[in-house]
Amino acid sequence: MKKEADREFCMSSWLMYRTIVDNTKCFVEGIRDFHVLPPENRTPVHNHSELQVSLASEVNKFSEGKPVALALSGGIDSAILAKMMPKGSVAYTFKCIVPGMEVVDEAPQAAKYAAECGLQHKVVEIYWEDMVAMSKVLMRHKGAPCHSIEVQIYKASLQAKSDGFNKMIYGESADIIYGGMSGLLSKDRTVGDMIDRYSYVLPYKVLQKPIMITEPYTRWENDGYVDVHRFLNVTMYEEAINSYEDACAAAGVELSMPFSRTYLDTELDYSRIRNGENKYLVREVFNSLYPAWEVPVKTPMPRPLNEWMRDWQGPQRPEFWPHCTDEMTGDQKWYVYALEQFLNMIDNGEYDKQ
């Protein structure tokens with residue numbers, strides 16, 4: 001399908017949603033467009049037992065009983081999958097390095113899971129220099145700016161490939177599907193509240209010609225309120241899958257995300273989530289596999305962007321307002337930085353064509 005070049009729409013869409021929400025549009029005509037559709041024939045899940053069986057089945061089917069690589073964090077999603085890995089598999093944990101500073105380090109907890117499950121454990125160190133160099137590779141492959149997690153996924157995939165593994169498993173999508181996004185789900189949200197709470201960067205704060213793209217929210221609106229769980233399971237789900245697929249495909253590694261092959265076929269229990277029991281079905285699976293372990297405190301995939309982006313002076317291109325990033329978090333600065341870098345690549349002809 002030929003896509004319409006609409007740079008202004010794509011810039012605003014990237015800032016708000018980390019993806020181009022209209023699949024008929026692209027940054028520039030003829031650019032490579034890497035986009036993966038969500039998996040079909042996903043397994044319906046009603047309770048933790050069905051979830052556990054489905055995850056084990058996906059791991060077995062993907063690995064064919066042979067050793068594969070696992071991305072293992074300090075959280076419960078990948079720890080569950082670690083229990084299901086074939087003998088001889090290797091677990092890789094990301095560790096971001098900021099010279100002279102201590103940042104979140106999931107390696108010690110991940111090493112405990114690996115030892116419990118009989119997996120070889122390796123740490124993949126991520127530096128700012130990796131973010132700069134590898135993000136350009138990923139953006140060329142994707143035909144769009146890249147999420148900061150893609151660099152970690154890409155580098156880990158390259159490491160796995162050099163170690164002899166061409167297949168890698170991730171615990172992605174558990175939070176989206178099973179109520180792990182407790183901040184967003186903590187209350188009923190109006191359309192306006194959802195726009196302010198979820199949008200990564202509001203375009204009018206950054207761009208001189210912004211476009212407010214609200215359809216992904218209003219699509220799930222009823223009586224002024226957004227069905228947040230359904231929104232997450234469409235817009236965020238597809239964006240997340242494409243971030244992981246882009247990074248692994250660029251490294252030449254086949255990807256499996258067993259949680260993403262399932263869906264919750266019952267109503268989400270908001271009362272449990274709002275009483276501190278987020279992702280309750282996943283917790284129940286973890287407790288059945290690690291009965292003597294405490295559920296660790298949830299942390300996002302570590303990316304010390306506040307430290308890495310601390311001295312960045314903000315975008316210099318004319319599309320952006322001067323000083324627009326002065327009050328932003330490191331994560332928000334990355335979205336603007338990635339967008340500016342990608343626009344520079346387009347202007348310099350540094351992109352792959354279809």
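The structure presented is a predicted model; accordingly, all values stated were derived computationally and were not measured. Reckoned from all heavy atoms, side chains included, excluding hydrogens, waters and symmetry mates.
Between the side chains of Tyr217 and Ser199, at least one donor N or O lies within less than 3.5 Å of an accepting N or O. Side-chain polar atoms of Asp188 and Tyr270 form no donor-acceptor pair below 3.5 angstrom. Checked by atom type, the side-chain pair Arg18/Tyr200 shows a donor-acceptor distance below 3.5 Å. Under 3.5 Å, the side chains of His121 and Thr93 contain a donor-acceptor pair of N or O atoms. Judged by distance alone, the side chains of His141 and Asp246 do bring a donor and an acceptor atom under 3.5 Å apart. Between the side chains of His35 and Glu238, a donor-acceptor pair is found at a separation under 3.5 Å. No hydrogens or angles considered: nothing links the side chains of Ser260 and Glu172 as a donor-acceptor pair under 3.5 Å. In this model, a donor atom of one side chain and an acceptor atom of the other lie less than 3.5 Å apart for Ser271 and Asp269. Between the side chains of Tyr225 and Arg189, not a single donor N or O lies within less than 3.5 Å of an accepting N or O. Donor-acceptor pairing under 3.5 Å is lacking for the side chains of Glu8 and Ser12. For the 3.5 Å distance criterion, the side chains of Asn278 and Arg283 qualify, holding a donor opposite an acceptor.
Seen from the ring of Tyr351, Lys353 counts as a face-on cation partner, given the 6.0 Å and 45° thresholds. Both the sub-6.0 Å distance and the 45° axial angle are not jointly satisfied by Arg317 relative to the ring of Tyr337.
Using a 4.5 Å cut-off between side-chain heavy atoms of Ile, Leu, Val, Met, Phe, Trp and Tyr, Ile97 falls into a hydrophobic cluster with Tyr127.
A salt bridge links Glu4 with Lys25: the distance from a Lys NZ or Arg NE/NH1/NH2 to an Asp or Glu carboxylate oxygen falls below 4.0 Å. Between Glu284 and Arg272 there is a salt bridge, since a side-chain N of the basic residue sits under 4.0 Å from a carboxylate O of the acidic one.
Within a 6.0 Å sphere centred on CD of Gln208, heavy atoms belonging to other residues, nucleotides or ligands number more than 12.
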Show which side-chain atoms of residues 73-82 pair as donor or acceptor with protein atoms under 3.5 Å away, not counting sequence neighbours.
unit_1, atom_1, unit_2, atom_2, d
Ser73, OG, Gly75, N, 3.1
Ser73, OG, Ser78, OG, 3.2
Asp77, OD1, Lys279, NZ, 3.0
Asp77, OD2, Lys279, NZ, 3.1
Ser78, OG, Ser73, N, 3.0

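Outside the 6.0 Å centre-distance limit, the rings of Trp220 and Tyr198 are not counted as a close aromatic pair.
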